[in-house]
Student: 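Encoded as structure tokens, here's the structure I'll be asking about.
Since the model is a prediction, treat every value here as computed from it, not as a measurement.
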Amino acid sequence: MDQSVRKSKKPSDKKIVQQKLWAFQPIHTFKSTVIILACAGTLFLIFGIVICVEASKVVEVSKRYDNIDSCKPKLNEAQKAFTSSCSVDITLDEDMEEPIYLYYEMHNFYQNHRMYVKSRNYDQLKGEYFSTEDLDSCKPVKRIEDLEDYKPIDETKSRKDPAHPCGLVAATVFNDTFKLQNTKIKETGIAWDSDKDYKFKNAKKSKQWTDVEDEHFIVWMRIAAMPKFRKLWGVIEEDLESGTYTFEVQSNYDVSQWDGQKHLVLTTVNSLGGKNYFLGIVFLCATGVCYLAICVFGVMQFKRKSVGDEYRPKWN
């Protein structure tokens with residue numbers, strides 16, 4: 001091959017190739033460092049105060065009810081299920097403005113367990129039909145008969161039929177109900193629109209043992225990351241004045257087997273969400289770190305100037 005035709009391997013004389021691009025490499029002095037830390041600390045302080053003030057405006061009250069004797073589920077021989085009806089009194093020390101969110105809170109329930117999380121079939125939840133052989137991901141709840149360890153079986157369905165929906169998450173769905181006298185609790189609009197529109201559809205071919213499009217079911221199917229969690233049950237769209245309110249609870253969910261707890265929670269919200277001081281406290285702690293660093297650097301700078309030791313830390 002002609003040497004004149006051979007392509008040269010010499011890099012092009014472009015700034016980006018020859019690494020000649022303009023660059024800014026500031027050398028921080030004591031003064032610039034203090035200014036940066038002071039600005040950052042001030043911003044963190046502002047954010048922390050705003051978040052904590054907003055959180056303090058939220059009115060929240062919680063009441064544990066699984067430890068009330070009348071609320072402990074008892075075995076109903078006729079229905080072959082645990083159930084009981086009870087009343088739970090909640091006292092409001094101050095008025096609550098609508099919307100008021102009603103949550104159930106669970107303690108010591110590890111929804112994030114690997115086997116529990118995997119035990120479902122996403123395509124089946126979208127309404128597709130699968131035979132029992134195709135539901136290995138749902139172990140140990142693949143058939144209707146596998147549900148009997150978790151809830152009563154509908155005798156109209158064949159015990160060998162595939163469970164629809166299948167899996168441990170669906171089989172252990174929370175089924176307590178709540179009513180407040182003379183007050184309507186809205187039970188729709190509590191699930192994410194993306195879940196309702198795309199992820200959960202009732203089947204057209206197979207028989208289901210529960211309504212997959214029920215919003216209480218959809219809310220439960222969204223896994224919680226921690227053993228203590230809350231899930232939205234309903235919304236009260238009217239103001240509640242301070243005083244004592246009695247909730248009629250149909251307690252069907254037994255948590256005594258694993259020393260769990262059930263709480264009924266009423267809460268309002270603010271512009272930043274619910275009553276949570278954690279992020280505000282983090283910002284305030286970051287403020288303290290910034291100001292502490294300023295003090296430390298100030299002491300170092302003072303000692304360096306007063307002693308004149310060339311081996312002490314220098315800023316330039």
Student: Are there more than 12 heavy atoms of other residues, nucleotides or ligands under 6.0 Å from atom CD of E98?
Tutor: yes
Student: Backbone N or O of W258 within a donor-acceptor pair of the N108 side chain at under 3.5 Å?
Tutor: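 Yes; judged by distance alone, with no hydrogens or angles, the pair exists.
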Student: Apply side chain to side chain contact (heavy atoms under 4.5 Å, CB included) to K139 and K142, showing your working.
Tutor: CA-CA 6 Å; K139 292 178 180 178; K142 298 170 57 178; 3.8 Å; yes
Student: Report the C-alpha separation of T91 and V61 in whole Å, then their side-chain angles, then the decisive distance to 0.1 Å, and conclude whether the side chain to side chain contact (heavy atoms under 4.5 Å, CB included) test is met.
Tutor: CA-CA 8 Å; T91 301; V61 60; over 6 Å; no
Student: Could you tell me whether the side chain of K196 reaches within less than 4.5 Å of the side chain of E213, counting heavy atoms only?
Tutor: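 In short, these two side chains do not touch, never coming nearer than 4.5 Å.
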Student: Return the CZ to CZ distance between R222 and F200, rounded to the nearest 0.5 Å.
Tutor: 7.5 Å
Student: Can I223 be reached from F174 by stepping across I, L, V, M, F, W or Y side chains whose heavy atoms are under 4.5 Å apart?
Tutor: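 Shared cluster, yes.
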Student: Search all heavy atoms of L135 against all heavy atoms of A163 and return the closest pair with its distance.
Tutor: CD1-O, 4.2 Å
Student: Is there a side-chain contact between V169 and F217, using heavy atoms and a 4.5 Å cut-off?
Tutor: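 In short, these two side chains do not touch, never coming nearer than 4.5 Å.
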Student: To the nearest 0.5 Å, what is the distance between CG (L232) and CD (E187)?
Tutor: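 If I round to the nearest 0.5 Å, the distance is 10.5 Å.
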Student: For R120, is there any backbone N or O sitting under 3.5 Å from a side-chain donor or acceptor partner on S137?
Tutor: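 A pair under 3.5 Å: yes.
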Student: Could you tell me which non-hydrogen atom of G260 sits nearest to which non-hydrogen atom of D66, and how far apart they are?
Tutor: O-OD2, 3.6 Å
Student: Closer than 3.5 angstrom, by distance alone: can the side chain of N202 be matched with the main-chain N or O of V212 as a donor-acceptor pair?
Tutor: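 Yes, the answer is positive, given that a donor and an acceptor are paired below the 3.5 Å cut-off.
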Student: For the CZ atom on F47, are there more than 12 heavy atoms of other groups (residues, nucleotides or ligands in this structure) within a distance under 6.0 Å?
Tutor: no
Student: For atom CD1 of I16, decide whether the heavy atoms of other residues, nucleotides or ligands shown that lie under 6.0 angstrom number more than 12.
Tutor: no
Student: What are the two closest heavy atoms between G41 and Y291, and how far apart are they?
Tutor: C-OH, 3.7 Å
Student: Whether the side chain of T268 engages the backbone of I100 through a donor-acceptor N/O pair (distance < 3.5 Å, no angle test) should be reported.
Tutor: no
Student: Ignoring hydrogens and angles, tell me if any N or O in the side chain of S32 forms a donor-acceptor pair with the backbone of H28 under 3.5 Å.
Tutor: no
Student: Are K72 and D254 within salt-bridge range, i.e. N to O under 4.0 Å?
Tutor: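 A salt bridge is absent here (no side-chain N lies under 4.0 Å from a carboxylate O).
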Student: Hey, could you give me the CE/CD distance between M96 and E94, rounded to the nearest 0.5 Å?
Tutor: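 If I round to the nearest 0.5 Å, the distance is 8.5 Å.
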Student: Indicate, with yes or no, if F44 and V34 share a hydrophobic cluster defined by side-chain heavy-atom contacts under 4.5 Å among Ile, Leu, Val, Met, Phe, Trp and Tyr.
Tutor: no
Student: Which pair of non-hydrogen atoms, one from Y101 and one from P99, has the smallest distance, and what is that distance?
Tutor: OH-CG, 3.7 Å
Student: Are H164 and Q124 packed together at the side-chain level, in the sense that at least one heavy-atom pair is separated by less than 4.5 angstrom?
Tutor: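 Heavy-atom side-chain distance check passes, below 4.5 Å.
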Student: Against the six-membered ring of Y65, is K63 placed for a cation-pi contact (under 6.0 Å from the centre, within 45° of the normal)?
Tutor: no
Student: Less than 4.5 Å apart, side chain to side chain, heavy atoms only: is that true for K199 and M221?
Tutor: no
Student: Under a 3.5 Å distance rule, please check whether K262 uses its side chain to pair with a backbone N or O of S251 as donor and acceptor.
Tutor: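 Answer holds: no.
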Student: Under 4.5 Å between any side-chain heavy atoms of C138 and D146, yes or no?
Tutor: no
Student: Would L240 and L92 satisfy side chain to side chain contact (heavy atoms under 4.5 Å, CB included), going step by step from the backbone distance to the final call?
Tutor: CA-CA 8 Å; L240 295 181; L92 304 182; 3.8 Å; yes
Student: Between E215 (side chain) and I190 (backbone), is there a donor-acceptor pair under 3.5 Å?
Tutor: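 Side chain of E215 to backbone of I190: a pair is present.
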Student: Does E248 reach the main-chain N or O of K179 with its side chain, forming a donor-acceptor pair under 3.5 Å?
Tutor: no
Student: How far apart are the closest heavy atoms of N67 and R64, and which atoms are they?
Tutor: OD1-O, 3.4 Å
Student: Checking the side chain of N270 only, and the main-chain atoms of V58 only, is there a donor and an acceptor separated by less than 3.5 Å?
Tutor: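 Not confirmed, N270 side chain does not pair with V58 backbone.
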Student: Evaluate the side-chain proximity of W209 to K207: yes if any heavy-atom separation is below 4.5 Å, no if none is.
Tutor: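 Side-chain contact under 4.5 Å: no.
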Student: Starting at NE2 of H113, measure out to OG of S119 and round the result to the nearest 0.5 Å.
Tutor: 11.5 Å
Student: Just do the side chain to side chain contact (heavy atoms under 4.5 Å, CB included) check on W233 and I185 with the steps written out, would you?
Tutor: CA-CA 9 Å; W233 195 90; I185 302 177; 3.9 Å; yes
Student: May I ask whether L180 and V88 are part of the same hydrophobic cluster, defined by side-chain heavy atoms of I, L, V, M, F, W, Y residues being less than 4.5 angstrom apart, directly or through others?
Tutor: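 Per the 4.5 Å side-chain linkage, L180 and V88 are co-clustered.
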Student: Do L43 and I49 land in one hydrophobic cluster if side-chain heavy atoms of ILVMFWY residues count as linked below 4.5 Å?
Tutor: no
Student: Rounded to the nearest 0.5 Å, what's the gap from CZ on F30 to CD1 on I35? Could you check?
Tutor: 10.0 Å
Student: Measure from the side-chain N and O atoms of N252 to the backbone N and O of D176, and report whether any donor-acceptor pair falls under 3.5 Å.
Tutor: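 Answer holds: no.
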Student: Measuring from D123:CG to E128:CD, what's the distance to the nearest 0.5 Å?
Tutor: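 Reported value, rounded in 0.5 Å steps: 4.5 Å.
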Student: Heavy atoms, side chains only, cut-off 4.5 Å: are I236 and Y245 in contact?
Tutor: no
Student: Do Y110 and Y116 come close enough that some side-chain heavy atom pair is under 4.5 Å?
Tutor: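 No, side chains not in contact.
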Student: Please report the shortest heavy-atom distance between Q18 and D13, naming the atom on each side.
Tutor: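 That would be CG-OD1, 3.9 Å.
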Student: Could you tell me if T246 and Q181 have a donor-acceptor pair between their side chains, going purely by distance under 3.5 Å?
Tutor: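 No, because no side-chain N or O of Q181 sits under 3.5 Å from a partner of the opposite role on T246.
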Student: According to a hydrophobic-cluster definition based on side-chain heavy atoms being under 4.5 Å apart (Ile, Leu, Val, Met, Phe, Trp, Tyr only), do V117 and W220 belong together?
Tutor: yes
Student: For E60, is there an ion pair with K275 - N to carboxylate O distance below 4.0 angstrom?
Tutor: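 Judged by the 4.0 Å cut-off on N to carboxylate O distance, K275 and E60 do not form a salt bridge.
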Student: Tell me which one of M106, K228, E105 satisfies side chain to side chain contact (heavy atoms under 4.5 Å, CB included) with H263.
Tutor: E105
